[in-house]
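The structure displayed is predicted, hence computed values, not measured ones. Quick note: numbers below take in every heavy atom, side chains included, and nothing from hydrogens, waters or symmetry partners. Both ligands and their constituent atoms are indexed starting at 1 by order of listing.
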Amino acid sequence: MTMRLRRLRMNEPLRRLVRETFLSVCHLVQPVFVVEGEKQRQPIVSMPGIERLSLDELEGEVRQLAELGLGGVILFGIPQHKDEQATSAYAPGGIVQRAIAHVKKAAPELVVITDVCLCEYTSHGHCGIVRDGVVLNDESVEVLCRVALSHAAAGADIVAPSDMMDGRVAAIRAALDTNGYSHVPILSYSSKFASAFYGPFREAAHSTPAFGDRRSHQLDPANFREAIRESLVDVAEGADMLMVKPALPYLDVLHELRQRCDLPLAAYQVSGEYAMLKAAGANGWLDERRAVEESLTAIRRAGADVIITYFAKDFAKWQRNKT
Ligand code: PBG
């Protein structure tokens, strides 16, 4: 007798019957960049199809995302004013704080996640408070707590610290709890690598560090065990959800976390992963849609519950046209 595994692959009805992994739009989160001003839809050269939106444009956009059935959005703000203390990151009238209110009003069915970091708000582009060229840990955590509180106060459904400072999840949890926001979950960017794949995002968010890099706090791409420790520490500190970022180059980390803990897991298919697929698609070197669907399926197969991806809206449109 010969093993004939091809028997169950012979036609689409059979393949569908035994399919193991499914992607639903409700698990997808669309990143959205917001800027000051009016009637702004600023293209981002290295991310074709993605724009920075002013708040008036944001409303129509998120209504469309909600109609497509997406799970949520994650907001990134580009403020007018940057300084060394990142004060515009926690200002009550800050760009993200106002954007939250706009999204909640226009599309209450979307989950609003906010990125809690300082790099878009500091004049030097680092994720924390800098002294003598060093990103300070505990001083940065204090400011991050203020940022998270200001997002919660503005109505964010989930706060997502992406800075990779030590102890920030516990500190943010305590700050939320003592200020009446014990119901607000924390999605920790728990295993976040110092990656070249964030390049286009830094163009989009104007957050390239003026000097140095992020290697003093983000993970070494070579370190699997340390990445697992980072996430498990955040579980102990009270994170409600974990994240692996970038996604496709770190599926081993995602898969291991799926085995090791029962928290919902998110994976972030980052700007560089988007740019690669877009560029190859635009050149006719890849079938963009098939390559995107395969990538997202792989991320889910490895263990992601939630996928943050710049393709969320495109994917939802493709799904709609299928049926
Ligand atoms: C930090 C942050 C970054 C991204 C998400 N949050 C940039 C960085 O760490 O340098 C990158 C996301 C992407 O590349 O799509 N605020």
**Aromatic ring proximity Y90/H151, centre distance under 6.0 Å** =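 No, they do not, as the ring centres are separated by 6.0 Å or more.
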**Message:** D234 vs R168, test: salt bridge (charged side-chain N to carboxylate O under 4.0 Å, His left out). Steps then yes/no.
**Reply:** CA-CA 9 Å; D234 287 2; R168 95 278 205 201; 3.3 Å; yes
**K192 to Y198, cation-pi by 6.0 Å centre distance and 45° axis angle** =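 K192 over Y198 ring: yes.
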**Item:** Heavy-atom side-chain proximity of V32 to E61 below 4.5 angstrom
**Value:**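 No, their side chains stay 4.5 Å or more apart.
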**Message:** I want to check something: taking the side chain as every heavy atom from C-beta on, are Y274 and F197 in contact at a cut-off of under 4.5 Å?
**Reply:**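 When only atoms from C-beta onward are counted, F197 and Y274 do not touch, as no gap falls below 4.5 Å.
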**Item:** Note: E294-R290 ion pair, threshold 4.0 Å (strictly below)
**Value:**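 Between R290 and E294 there is no salt bridge, as every charged N stays at least 4.0 Å from the carboxylate O atoms.
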**Protein residues that have a heavy atom under 4.0 Å from any atom of ligand 1, sorted by chain and number** =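 Heavy-atom contacts below 4.0 Å: F76, D115, C117, C119, E120, S162, Y189, K192, F197, Y198, F201, R202, R214, Q218, K245, Y268, V270, S271, Y310.
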